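Presented below is the structure to which this report refers.
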2 protein chains.
Amino acid sequence: MDDIYEIQADVLRALGNARRLEIIHWLAQGPCDVGTLADRMAIAQPNLSQHLALMRSTGIVEGERRGREIRYRLIDPDIVRACGLMRGVIERRVARLADATRTTGSVPLAPPHSTTTQR
Amino acid sequence: MDDIYEIQADVLRALGNARRLEIIHWLAQGPCDVGTLADRMAIAQPNLSQHLALMRSTGIVEGERRGREIRYRLIDPDIVRACGLMRGVIERRVARLADATRTTGSVPLAPPHSTTTQR
DNA sequence: GGCACTGATGCGCATCTGCGCATGTGCGAG
DNA sequence: CTCGCACATGCGCAGATGCGCATCAGTGCC
């Protein structure tokens, strides 16, 4: 009755990856097969398939056979809306950071966990 | 100009954890100090501090000293809205799964990656 | 000053993730 | 039936995550 958090965390973890966010970005513009997606994203096909498998298992996307290709599509449009909200949050945060940096002349918070400079 | 996905992934990863979702749940009902939060969540204080530090570094929460306590609060209310959208997505998915299971008598998808039965 | 309290940080460990790589599987064409 | 194409899956490894534990740091009070 409370492990709804676990499930929600699974979905959010499935979204917490730049590659998968890019997948959502492309699928938000309409269904697409794996090959085309791999081509657009410049990503290895097995790697893409792994991401798609994960997103399938969490109920974010689903695939349907079309001849020998498989067309993937987003299941729930609210995923895109939620991502849009998140994006707004980020833009506001960046603006806030830029503002604080401009007025104080230094970075206000988060010395550890660089956040942006990863990988 | 495209690593906005990286930043967004950082935030979503920061939300992709049941403990941190619970933190958001409590903070959504008003600011709270660490001790009270640790008490409500039945979690070790150092562990809670680590979660809070991560959420601080991603700009989800912020803390302010109040005497010798520190009151944490959510920075952007849209985080809660996004989580609400996610919750709707999940409820719809669960309903869809239950429906498919009832009509077909078996689980329709995701044999691997059990999703719910982790840890 | 010393002390108690509140919170943050460092360390070590088990586990999970993401990737490249090789290989397996389902489909259509000949 | 066999071949080639489109995806999926298994394996192994480097790096990241979450936790318990001990310890450090800031604050108020005596």
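Residue numbers begin at 1 in each chain, while the letters A, B, ... track the order of the sequences. All values reported here derive from a predicted model rather than from experimental measurement.
For the pair Thr58(A) and Ala14(A), the tightest heavy-atom approach, listed with the atom from each and the gap, is OG1-CB, 3.7 Å. The two residues Leu74(B) and Ile24(B) make their nearest non-hydrogen contact at CD1-O, 4.0 Å. Between Trp26(A) and Leu37(A), the shortest heavy-atom contact is CB-CD1, 3.6 Å.
Residues Met86(A) and Leu15(A) are not in side-chain contact: their nearest non-hydrogen atoms beyond the backbone lie 4.5 Å or more apart. No side-chain heavy atom of Arg66(A) sits less than 4.5 Å from a side-chain heavy atom of Asp33(A). Under the 4.5 Å side-chain criterion, counting only non-hydrogen atoms from C-beta, Val34(A) is not in contact with Arg71(A). Using a 4.5 Å cut-off on side-chain heavy atoms (C-beta onward), His25(B) and Tyr5(A) make contact.
Looking at heavy-atom distances under 4.0 Å, Arg66(B) makes no contact with the nucleic acid at all.
Both Gly16(A) and Gly67(A) lie near DNA chain C, and the one whose nearest nucleotide falls closer to the 5' end is Gly16(A).
One can place CG of Leu54(A) at 12 Å from C1' of dC16(C), the figure rounded to the nearest angstrom. Straight-line distance from the CG atom of Asn17(B) to the P atom of dT17(C): 11 Å, rounded to whole Å. For the pair Ile43(B) CD1 and dC19(D) P, the computed distance is 6 Å after rounding to whole Å. Spacing between atom CG of Asp10(B) and atom P of dG18(C) amounts to 12 Å, rounded to whole angstrom units. Distance, Asn47(B) CG to dG20(D) P: 5 Å, rounded to whole Å. The nearest whole Å value for the distance from the CZ atom in Arg13(A) to the C1' atom in dT15(C) is 12 Å. Protein atom CD1 of Ile23(A) is 10 Å distant from nucleotide atom P of dC19(C), rounded to whole Å. Counting to the nearest Å, the C1' atom of dC7(D) and the CG atom of Asp39(A) are 15 Å from each other.
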Check nucleotides 2-8 of chain C against the protein and report each pair of N or O atoms closer than 3.5 Å, with its distance, or say if there are none.
from: dC5(C); atom 1: O4'; to: Arg68(B); atom 2: NH1; distance (Å): 3.4
from: dG7(C); atom 1: OP1; to: Asp33(B); atom 2: OD2; distance (Å): 3.4
from: dG7(C); atom 1: OP1; to: Val34(B); atom 2: N; distance (Å): 3.1
from: dG7(C); atom 1: OP2; to: Gly35(B); atom 2: N; distance (Å): 2.7
from: dA8(C); atom 1: OP1; to: Tyr72(B); atom 2: OH; distance (Å): 2.4
from: dA8(C); atom 1: OP2; to: Ser49(B); atom 2: OG; distance (Å): 2.3
from: dA8(C); atom 1: N7; to: Gln45(B); atom 2: NE2; distance (Å): 2.8
from: dA8(C); atom 1: N6; to: Gln45(B); atom 2: OE1; distance (Å): 3.4

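Phosphate proximity of dT17(D) to His51(B): absent, as no side-chain N or O sits under 4.0 Å from OP1 or OP2.
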